[in-house]
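Below you'll find the structure I mean.
Everything numeric here is computed off the predicted structure, so don't read it as measured data.
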There are 2 protein chains.
Amino acid sequence: MVDVSVAKSRRLPVMGDVARLAGVSHMTVSRVLNEPESVRPETRERVLLAIKQLGYRRNSAARSLVTRRSQTLGVVCFDTTLYGPASMLNGIVQATEEAGYAVSVASLRRPTAAAATQAVQRLVHQSVEGLVLIAPQAAEAMAFVRALPTDIPVIAVENALPSVTSVSVDQVLGARMVTEYLLSLGHETVHHVRGPSDWSEANGRVDGWVAALEESGRMVPRELVGDWSAKSGYLAGQKLARDRRATAVFAANDSMALGVLRALLDAGVRVPEDVSVVGFDDIPEGAFVTPPLTTVSQPFREVGRRSIEFLLGEVEGGEAGGVSSVIPPELVIRNSTSSRRP
Amino acid sequence: MVDVSVAKSRRLPVMGDVARLAGVSHMTVSRVLNEPESVRPETRERVLLAIKQLGYRRNSAARSLVTRRSQTLGVVCFDTTLYGPASMLNGIVQATEEAGYAVSVASLRRPTAAAATQAVQRLVHQSVEGLVLIAPQAAEAMAFVRALPTDIPVIAVENALPSVTSVSVDQVLGARMVTEYLLSLGHETVHHVRGPSDWSEANGRVDGWVAALEESGRMVPRELVGDWSAKSGYLAGQKLARDRRATAVFAANDSMALGVLRALLDAGVRVPEDVSVVGFDDIPEGAFVTPPLTTVSQPFREVGRRSIEFLLGEVEGGEAGGVSSVIPPELVIRNSTSSRRP
DNA sequence: CATGCGTCCGGTAACGCTAACATACGAACT
DNA sequence: AGTTCGTATGTTAGCGTTACCGGACGCATG
């Protein structure tokens, strides 16, 4: 007689146990799991029932050992408490799950080459099938490229690396839209508080701002440099408050814009009556500060979706990448901006 | 003669290849990797050299198949664009990496029982060795408990589940500190804009607030309900602005506090001169809004560190959990609060 | 009635690694 | 000198799954 008892043994059930209970071979169990249509409905039901009875679950290690696939993607990210990166990570994770892959995350404590290399190595060791880099710093980008394994597909988000497929929001366009909008309100020129020069997003926003000003033949003021933090924005705002000719300020992200706002208000400058201020990112709080912040909204979810689509294309199709995809952002006009009064 | 050539074959090198090149058996290679001190230094060097030459990497699937360990922890989280959860996730990921484990993330799109169950299943399928639940909603908590596999250790962050080890910030204490501080400034009582009732953090903050008021024998005003968003804070703020007796407001997070702030200012109420406002979380922007926000700072990194410590204790030691650890937060006083003027 | 073919299922051999036991060898003991 | 022991390495047998091939059976065809 076949032993059908749900053994008290601590051992987890394996395919063989299911097979015995269902009165088939373990191969049939495997087939039920992998290509159900290839087994007779009646048999299939018996197997499915046995699986349920035993609480059987396929051993993923054994499976990936023989298939040579881990069904896992790796994500490398830096500071995920910033709104932008957090949203991006979220978008990536959700898109990956939808595609039926697991996602393994490696977080960099500090943006150094050593940390980046180590993170990539760690993920490769976990035999991820593809790598997503949420790496906005150009310096890091270089480090990544050096550490990159040539044999697994990589996609860069928000940072175009040489010869790496990338998906990003059009920072240049976003900055143009802001600048052109401010000019259209009658401002002579637009001042800019930029992000750190090793972040490609910061550079893209500078480029768009400069381009828009030059195309309109405006003076390009000296840019102020921040580090994305509200504090650095505050410092920049203090300088701007002293400059009577600064009537429009474009800060490279919302946090800095809030800092600028506060510095101006502290200095007795009214926003938007005296000076218009625009941010970038569209953080949720932006609509509820005083005054509500005009900003640029980025389609993070779409970026995540498209990244994973491309990456899995390479993983599954084997086609080499190199394509870059750029998604347009959207200008969100609120009350921190107004027409220049003569 | 032994074949030592770095074969052109697409096949990745395996232990046997390294062994052949180093002139040892594959077991010696395994030992060099797992217990280096047990092999003679001279032999070890030869093996290490061969590994480097071939670019060999151990196959993690094969390894975990035989060791029955995946060296992976699973994290279930909900909305990681909120500052609190994002910080928590970050703390968890970093602590996990430091412990030499990989971290697999499952994100819930919506906080439903079905989504929660599915996420846990997915992670269990990936054979994670332990589970971290960043699940602040009580409703979800219940769903989790039902879906929980009994055979792998689980730790809950920021939410005490029955019979599950948990680590959290002392929300009750934080709320007490805020309330007592406001009372000490001379306010008759403190109004509260609470978070959603299915979030345990929201309830903890309500409890602390009520306790502090009752101990001082103060009237407990009817609480207003928000959903963590600045918008809901704004709505609450509009109501509070109409209530002349409301001189101190404690919002359950910073985003709502910003909303309250803005509603009050829009209604011509001065902060902090007429009304004091306090938030919770200490978002980075809090120091740079107008006026800078008094709030409560939570030690997210410490929570992450301690969670992983506990979880790995269970994973590796096999000891059952059930212990709960509570970490005190810190009151950060800025300028959105001032003494009640008679 | 033999043959061919399609459908369904089983047997066996990997996949790359580690656990457990086996062996060789020199040093240290009686 | 023979025995014992410890150290360094090798041999073998799985871990649980899927790939691959082959066999049994039913049905249609010559």
Exercise for the section: Take atom CZ of Arg11(A) and atom C1' of dG16(D), then tell me their distance rounded to the nearest Å. Expected result: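 That distance rounds to 10 Å.
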Practice task
Determine yes or no for a side-chain-to-main-chain donor-acceptor pair under 3.5 angstrom, with Thr96(A) supplying the side chain and Ile92(A) the backbone.
Solution key: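 Pair found, side chain donor or acceptor close to backbone of Ile92(A).
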Problem - Within residues 28-49 of chain B, residues whose heavy atoms come under 4.0 Å of DNA chain C - result: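 Within residues 28-49 of chain B, the residues near DNA chain C are Ser30(B), Asn34(B).
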Handout entry: 5'-most by nearest nucleotide on DNA chain D - Gly16(A) or Gly23(B)
Key =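 Looking at DNA chain D, the more 5' nearest nucleotide goes with Gly23(B).
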Exercise for the section: Would you mind reading off the distance between Gln71(A) atom CD and dT17(D) atom P, rounded to a whole angstrom? Expected result: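 Taking CD of Gln71(A) and P of dT17(D), I get 16 Å after rounding.
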Do any side-chain atoms of residues 54-61 of chain A form donor-acceptor pairs under 3.5 angstrom with protein atoms, and if so which ones, sequence neighbours left out?
residue, atom, partner, partner atom, Å
Arg58(A), NH1, Asn34(A), OD1, 2.6
Asn59(A), OD1, Ala61(A), N, 2.8
Asn59(A), OD1, Ala62(A), N, 2.9
Ser60(A), OG, Ser127(B), OG, 3.1

Handout entry: Backbone N/O of Val39(B) and side chain of Thr43(B): donor-acceptor pair under 3.5 Å
Key =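 Absent.
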Practice task
Could you list where the contact with chain A starts and ends along DNA chain C, reading 5' to 3', using a 4.0 Å heavy-atom cut-off?
Solution key: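 Listed 5' to 3', the contact boundaries are dC8(C) to dG16(C).
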Problem - Ion pair Glu98(A)/Arg305(A), N-O distance below 4.0 Å - result: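 Not counted as a salt bridge, because no side-chain N and carboxylate O are separated by less than 4.0 Å.
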Handout entry: Check: Glu129(A) side chain, Ser70(A) main-chain N or O, donor-acceptor pair, under 3.5 Å
Key =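 Present.
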Practice task
For residues Leu73(A) and Val128(A), determine if any side-chain heavy atom of one lies less than 4.5 Å from a side-chain heavy atom of the other.
Solution key: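 SC-SC contact between Leu73(A) and Val128(A) ruled out.
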Exercise for the section: May I have the distance from Ile51(A) (atom CD1) to dT17(D) (atom P), rounded to whole angstrom? Expected result: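 Computing the Ile51(A):CD1 to dT17(D):P distance gives 10 Å.
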Practice task
Decide yes or no on side-chain hydrogen bond (donor to acceptor under 3.5 Å, both in side chains) for Thr81(A) and Ser87(B), but give the supporting numbers first.
Solution key: CA-CA 6 Å; Thr81(A) 57; Ser87(B) 305; 5.4 Å; no
Problem - Short side-chain to backbone donor-acceptor contact, Ser307(B) and Val303(B), under 3.5 Å - result: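 Judged by distance alone, yes, a pair lies under 3.5 Å.
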Problem - Nearest-nucleotide pick for Leu65(A), side chain only, options being dT17(D), dT11(D), dG16(D) - result: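 Taking heavy atoms from C-beta onward, the closest nucleotide is dG16(D).
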Problem - Side-chain (Glu158(A)) to main-chain (Ile134(A)) donor-acceptor, under 3.5 angstrom - result: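 Checking the backbone N and O of Ile134(A) against the side chain of Glu158(A), no donor-acceptor pair under 3.5 Å is found.
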Handout entry: Nucleotide dC15(D), atom C1' - distance to NE2 of His26(A) in whole Å
Key =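 My rounded result for the distance is 13 Å.
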Handout entry: Between C1' of dA19(D) and CZ of Arg68(A), the distance in whole Å
Key =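 Atom-to-atom, Arg68(A) to dA19(D), this comes out as 12 Å.
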Problem - Between P of dC15(D) and CE of Met15(B), the distance in whole Å - result: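 Nearest whole value for this atom pair: 19 Å.
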